[in-house]
Number of protein chains: 2
Amino acid sequence: MPLASKIPAYRIVYETIRTRIQDESFQQGTLLPSEHDLCVLYHVTRPTIRKALDALVHEGYIKKHQGKGSVVMGVPKGIGILSITGTTSAIGQHNLKTRIIVKPEVRTWTSAFSFSLTEHEKELGCIYMERLRYVNDNPVFYDITMIPNLNLPRFTSRSFENKSLFDILRKHYQIQIMGGEQQIMAHGADKTLQKYFRVPKDHPVLQLNRRMETNRVNFYVYSQVFCNTDDYVLYGRF
Amino acid sequence: MPLASKIPAYRIVYETIRTRIQDESFQQGTLLPSEHDLCVLYHVTRPTIRKALDALVHEGYIKKHQGKGSVVMGVPKGIGILSITGTTSAIGQHNLKTRIIVKPEVRTWTSAFSFSLTEHEKELGCIYMERLRYVNDNPVFYDITMIPNLNLPRFTSRSFENKSLFDILRKHYQIQIMGGEQQIMAHGADKTLQKYFRVPKDHPVLQLNRRMETNRVNFYVYSQVFCNTDDYVLYGRF
DNA sequence: TATAAATACTTGTATAGACAAGTTATAATT
DNA sequence: AATTATAACTTGTCTATACAAGTATTTATA
């Protein structure tokens, strides 16, 4: 498991606290150790701690109150596709199953959904894959992912069955999703979606076109996600 | 125009730069003055400048590149309801017209869309209003807003025709939206939406339930927004 | 005992400086 | 002239400190 050589301290603090909230060693409703105590715990200064906490606040893991402390809110509920990088981390792997519709394969491309591509991206081609994802055995997400075909050895042969795409990118290729932009719209299900979601013609479906930025400059991951919101709604913080 | 007594320096810097990007005195594609230069300009230190820039990065106004500088991206395109507090600021007042369907009035409430209320909120009652908003003369948003009826003198008699609700809250009542959570789903238009959006039965419509946090503790603004995404899609950064 | 004042905490804001790391322009070298 | 090294400038990370402002606890007072 190759690790990035130099991970900033605030990032490590962020990951650590986030993990401890996820595994409930910091319990929902309780107060986080004070910023001063966290300084001692992680051997960093307060600005570093605060930078880590800022990210946790923004993602909804904690809520701060001046004079009181930081309240642990727990893992953001719902399906946090709007604010979290992937669906896996938001709803937990227990409930999420993945069926590969199109295995990762190299394709040519001239555009990525509604996003335009640079000449360099067009030349490279892309790794294309389609997945259908089940929440509690109900098909809820149908997503198409396109990644520029740039030096990702063995990528197409990897298994994505029950793993998060973003986990694989991070662990094996040191690629982290830093943020991105997305378009959201509602429209009627086409034949493909009718088939996979088992819904009638023109059944309302949510669509997201996403362009995700990574820690590699000019390396973007594109995805188009269709979502059946009959039983599960998307959730996000802002 | 009453002003909050003590606005932090980083906030003023943020507002100033944001305004200058909006009115294009910082032009899209150009580099922002370096952090050092901004320090001199606004008479603050680099951490303060960086805190302001962090917010601008997060909202998509600028993009930073280590060693190079901060590139002005311009006002985030599309309809930024996902990340910005209101629709007005995102698409500009030129294209946005508002028709009041239900004037602000005091009502009782037991819940706010899918969000549960505290006993205190229930006792207070709420100020209720419905608006239909047009983008380039097309009805695109239908929103219901509910605000706890807490000491907002003259609120119900104010005009909301062509002003942002959030501007009024900020300027007249010193209430700022700090963030919030939202649910997003797609479903078919009901009779009300068919009428206002001029769409057929079960036409796919986007729905957002939003709970917005303010700078007053335990004071939340609730809104439900329906959106016809046939011609305009929602846009957001994450 | 009940109330009020002082105190010890918490997070919020801001300063001043240091070095690392990436980019660009300049100067030196071949 | 083209290439390489240097320097200058950019943002990224981090330290150490100070005071303001909000909250909770303790202590002093009535």
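Below, chains carry the letters A, B, ... as their sequence lines are ordered, and counting in each starts from 1.
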Quiz prompt | B:E15, CD: over 12 other non-hydrogen atoms inside 6.0 angstrom | solution =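 Result for CD/B:E15: enclosed.
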Quiz item: More than 12 foreign heavy atoms under 6.0 Å from NE2 of A:H65: is that the case here?
Solution: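 Result for NE2/A:H65: enclosed.
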Quiz item: With a 6.0 Å cut-off on ring centres, are A:W109 and A:Y128 close enough?
Solution: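 Ring-ring flag for A:W109/A:Y128: false, centres at least 6.0 Å apart.
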Is the distance from OP1 or OP2 of [N] to the nearest side-chain N or O of [X] less than 4.0 Å?
X: B:K51; N: C:dA14; answer: no
X: A:Y10; N: D:dT13; answer: yes
X: B:T48; N: C:dT15; answer: yes

Between [atom2] on [N] and [atom1] on [X], what's the gap in Å once rounded to a whole number?
X: A:R50; N: D:dC14; atom1: CZ; atom2: P; answer: 16 Å
X: B:I49; N: D:dT11; atom1: CD1; atom2: P; answer: 11 Å
X: B:I62; N: D:dT10; atom1: CD1; atom2: P; answer: 15 Å
X: A:K64; N: D:dT23; atom1: NZ; atom2: C1'; answer: 15 Å
X: A:K68; N: C:dT11; atom1: NZ; atom2: P; answer: 12 Å
X: A:N215; N: C:dG22; atom1: CG; atom2: P; answer: 12 Å
X: B:Q66; N: D:dA8; atom1: CD; atom2: P; answer: 20 Å
X: B:H36; N: D:dT10; atom1: NE2; atom2: P; answer: 8 Å

Identify each donor-acceptor pair in which a side-chain atom of residues 212-221 of chain B lies under 3.5 Å from a protein atom, sequence neighbours left out, and give them as a table.
residue	atom	partner	partner atom	Å
B:E213	OE1	A:R237	NH2	3.4
B:E213	OE2	A:K63	NZ	3.4
B:T214	OG1	B:R216	N	3.2
B:T214	OG1	B:R216	O	3.0
B:T214	OG1	B:F219	O	2.8
B:N215	OD1	B:Q176	N	2.9
B:N215	ND2	B:Q174	O	3.1
B:R216	NH2	B:Y173	O	3.4

Practice problem: Quantify the bending of the helix from C:dT1-D:dA30 to C:dT30-D:dA1 as the angle between its end axes, each fitted on five pairs, to 10°. | Solution: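 What I find for the helix from C:dT1-D:dA30 to C:dT30-D:dA1 is an axis angle of 10°.
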Practice problem: Please list all pairs passing the salt bridge (Lys or Arg N to Asp or Glu O under 4.0 Å) test where one or both residues lie in residues 107-116 of chain B, with sequence neighbours left out. | Solution: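 As it turns out, the salt bridge (Lys or Arg N to Asp or Glu O under 4.0 Å) pairs with a partner in residues 107-116 of chain B, which skip direct neighbours, are B:E105-B:R107.
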Quiz item: Do B:R50 and B:E35 meet the salt-bridge criterion of a basic N to acidic O distance under 4.0 Å?
Solution: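 So B:E35 pairs with B:R50 through a salt bridge.
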Quiz item: Is the base of C:dG12 touched by the side chain of A:R46 through a donor-acceptor pair closer than 3.5 angstrom?
Solution: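 Answer is yes: a donor-acceptor pair is held.
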Quiz item: Relative to the 5' end of DNA chain D, which residue comes earlier, B:L53 or A:T45, by the nucleotide with the nearest heavy atom?
Solution: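 First, find each residue's nearest nucleotide; the 5'-ward one identifies B:L53.
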Quiz item: NA contact type, A:P8, heavy-atom cut-off 4.0 Å: base, sugar-phosphate, or nothing?
Solution: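 The answer is sugar-phosphate, as A:P8 gets under 4.0 Å only of primed atoms, P, OP1 or OP2.
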Exercise. Select base, sugar-phosphate, or nothing to describe what B:S34 touches, counting heavy atoms under 4.0 Å on all strands.
Key: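 Here B:S34 touches the backbone only, sparing every base.
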Exercise. Please assess B:E121 against B:Y222 for the test side chain to side chain donor-acceptor pair (under 3.5 Å), listing each intermediate value before the final yes or no.
Key: CA-CA 12 Å; B:E121 282 178 317; B:Y222 301 91; 3.0 Å; yes
